[in-house]
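See structure below.
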Protein chains: 2
Amino acid sequence: MQVSARGEYAVRIAVTLVTGHPRTISASSLASAQQLPRKFAEVILGDLRRAHLVDSVRGVEGGYRLARPPARISVGEVLRAVDGPLSEVRGRRPEETSYEGAAVNLPRLWVAARAAVRSVLDEVSLEQAASGDFPVSVKELAAEEDAWLPR
Amino acid sequence: MQVSARGEYAVRIAVTLVTGHPRTISASSLASAQQLPRKFAEVILGDLRRAHLVDSVRGVEGGYRLARPPARISVGEVLRAVDGPLSEVRGRRPEETSYEGAAVNLPRLWVAARAAVRSVLDEVSLEQAASGDFPVSVKELAAEEDAWLPR
DNA sequence: CTTGAATCCTACTTGATAGATAGGATATGC
DNA sequence: GCATATCCTATCTATCAAGTAGGATTCAAG
């Protein structure tokens with residue numbers, strides 16, 4: 001699971017929008033709240049808008065707001081909007097892979113791995129991401145001591 | 001979870017080594033068995049050797065073999081050997097991230113997502129990857145219908 | 001109906017990285 | 001000493017991530 005700078009920034013921006021919801025917040029405010037380059041934040045907000053995750057209002061007093069209630073947008077959606085598919089294998093979707101010989105069973109493995117990623121990122125809403133009150137299954141994953149150790 | 005060409009190739013090579021274990025197999029044979037560029041396969045096998053996942057034998061009748069029994073090497077180890085950490089957020093380990101404001105809870109989320117990835121890739125051995133006889137939890141993930149659908 | 005603050009659009013730069021390929025030096029068994 | 005391997009160093013090319021630049025467009029308030 002590689003999250004790019006864009007992806008990280010997008011999620012940080014999104015949870016910041018949660019706090020002010022449903023007021024609009026300008027790109028400058030969002031950028032300074034999370035200490036991101038303003039222009040880059042604008043680009044990312046453009047992606048989120050085209051994915052219909054945020055609405056924008058132009059002009060003075062304008063800015064951005066979440067297009068749906070914070071409980072009904074998942075972190076996974078935000079990441080997909082800016083980074084593309086959550087899981088890829090050599091640039092292909094897991095279910096599109098196909099091998100011969102000893103590797104014939106790998107597609108099932110790739111699909112299972114993607115399902116595991118989804119079970120976290122698609123099950124956590126922006127509201128939960130902002131509050132820290134994740135679903136039980138996610139809390140359990142983060143509560144394991146080993147989960148915090150590098151490998 | 002992004003798996004690079006190197007990563008995919010490495011796993012395909014590794015499961016091919018399972019089938020012949022503990023005989024040595026040459027880079028050329030491995031490459032043609034999985035239809036990979038021979039020279040690139042050599043590079044990857046070098047990575048696996050330096051990670052102590054395979055042993056090599058030089059000279060005629062030489063080649064590569066798994067350094068441990070196929071049941072005691074995980075797919076995750078193979079991927080790490082060639083691609084680095086399974087999960088990164090903006091180039092950092094999940095537990096190394098830190099944010100202010102509305103994003104303070106994100107590190108726990110990143111860690112949970114990594115744990116989910118690990119629960120698949122680190123729990124499946126090369127033997128299981130070759131046979132398709134995955135752990136029950138992994139089989140269940142792959143058995144879900146939705147798991148095979150793109151999002 | 002102008003002004004200021006905001007979004008929006010197009011283009012560009014810069015550096016790093018993936019995915020190879022090339023050629024040969026080195027080791028080994030027969 | 002010869003055939004067959006691994007192993008080492010170097011190079012290439014295209015793509016992409018990350019960020020910057022400049023200005024055109026929109027809109028509410030006064």
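By convention in this document, chain letters (A, B, ...) are assigned in the order of the sequence lines, proteins followed by strands, and residues within each chain are numbered from 1.
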Residues Arg80(B), Asp122(B); criterion salt bridge (Lys or Arg N to Asp or Glu O under 4.0 Å); working and verdict: CA-CA 10 Å; Arg80(B) 278 190 200 93; Asp122(B) 280 340; 2.7 Å; yes
Sorted by chain and number, sequence neighbours left out, side chain to side chain contact (heavy atoms under 4.5 Å, CB included) with Pro85(A) holds for Glu88(A), Arg93(A)
Rounded to whole Å, CD of Glu88(A) lies from P of dC16(D) at a distance of 11 Å
Reading nucleotides 18-24 of chain D from 5' to 3' and marking B where a protein heavy atom lies under 4.0 Å of the base, S where only the sugar-phosphate is that close, and - otherwise, the string is SBBBBB-
First and last nt of DNA chain C near chain B, cut-off under 4.0 Å to heavy atoms, 5' to 3', are dG19(C) to dT28(C)
To the nearest angstrom, the CG-P distance between Asp47(A) and dA17(D) comes to 11 Å
Across all chains, not counting sequence neighbours, the salt bridge (charged side-chain N to carboxylate O under 4.0 Å, His left out) partners of Arg72(B) are none
Apart from Trp148(A) itself, members of its ILVMFWY cluster (side-chain separation under 4.5 Å) are Val111(B)
Those residues at least two apart in sequence (or on a different chain) that pass side chain to side chain contact (heavy atoms under 4.5 Å, CB included) with Ala67(A) are Asp55(A)
Contacts of Phe40(A) meeting ring-ring contact (aromatic ring centres under 6.0 Å, His included) (sequence neighbours excluded), chain-then-number -> Tyr9(A)
Sorted by chain and number, sequence neighbours left out, side chain to side chain donor-acceptor pair (under 3.5 Å) with Asp83(B) holds for Ser4(B)
Contacts satisfying salt bridge (Lys or Arg N to Asp or Glu O under 4.0 Å) that involve residues 106-116 of chain A (not counting sequence neighbours) are Glu95(A)-Arg114(A)
By nearest-nucleotide position on DNA chain D, the 5'-leaning member of Val60(B) and Leu45(B) is Val60(B)
Assign each of Arg49(B) and Val57(A) the nucleotide of DNA chain D bearing its closest heavy atom; nearer the 5' end lies the nucleotide of Arg49(B)
Contact check, residues 17-31 of chain B vs DNA chain D, heavy-atom distance under 4.0 Å, returns Ser26(B), Ala27(B)
Residues pairing under salt bridge (Lys or Arg N to Asp or Glu O under 4.0 Å) where one sits in residues 12-33 of chain A, two or more places apart or in two chains, turn out to be Glu8(A)-Arg12(A)
Residue pairs meeting side chain to side chain donor-acceptor pair (under 3.5 Å), one or both in residues 60-69 of chain A, sequence neighbours left out, come to Arg68(A)-Glu77(A)
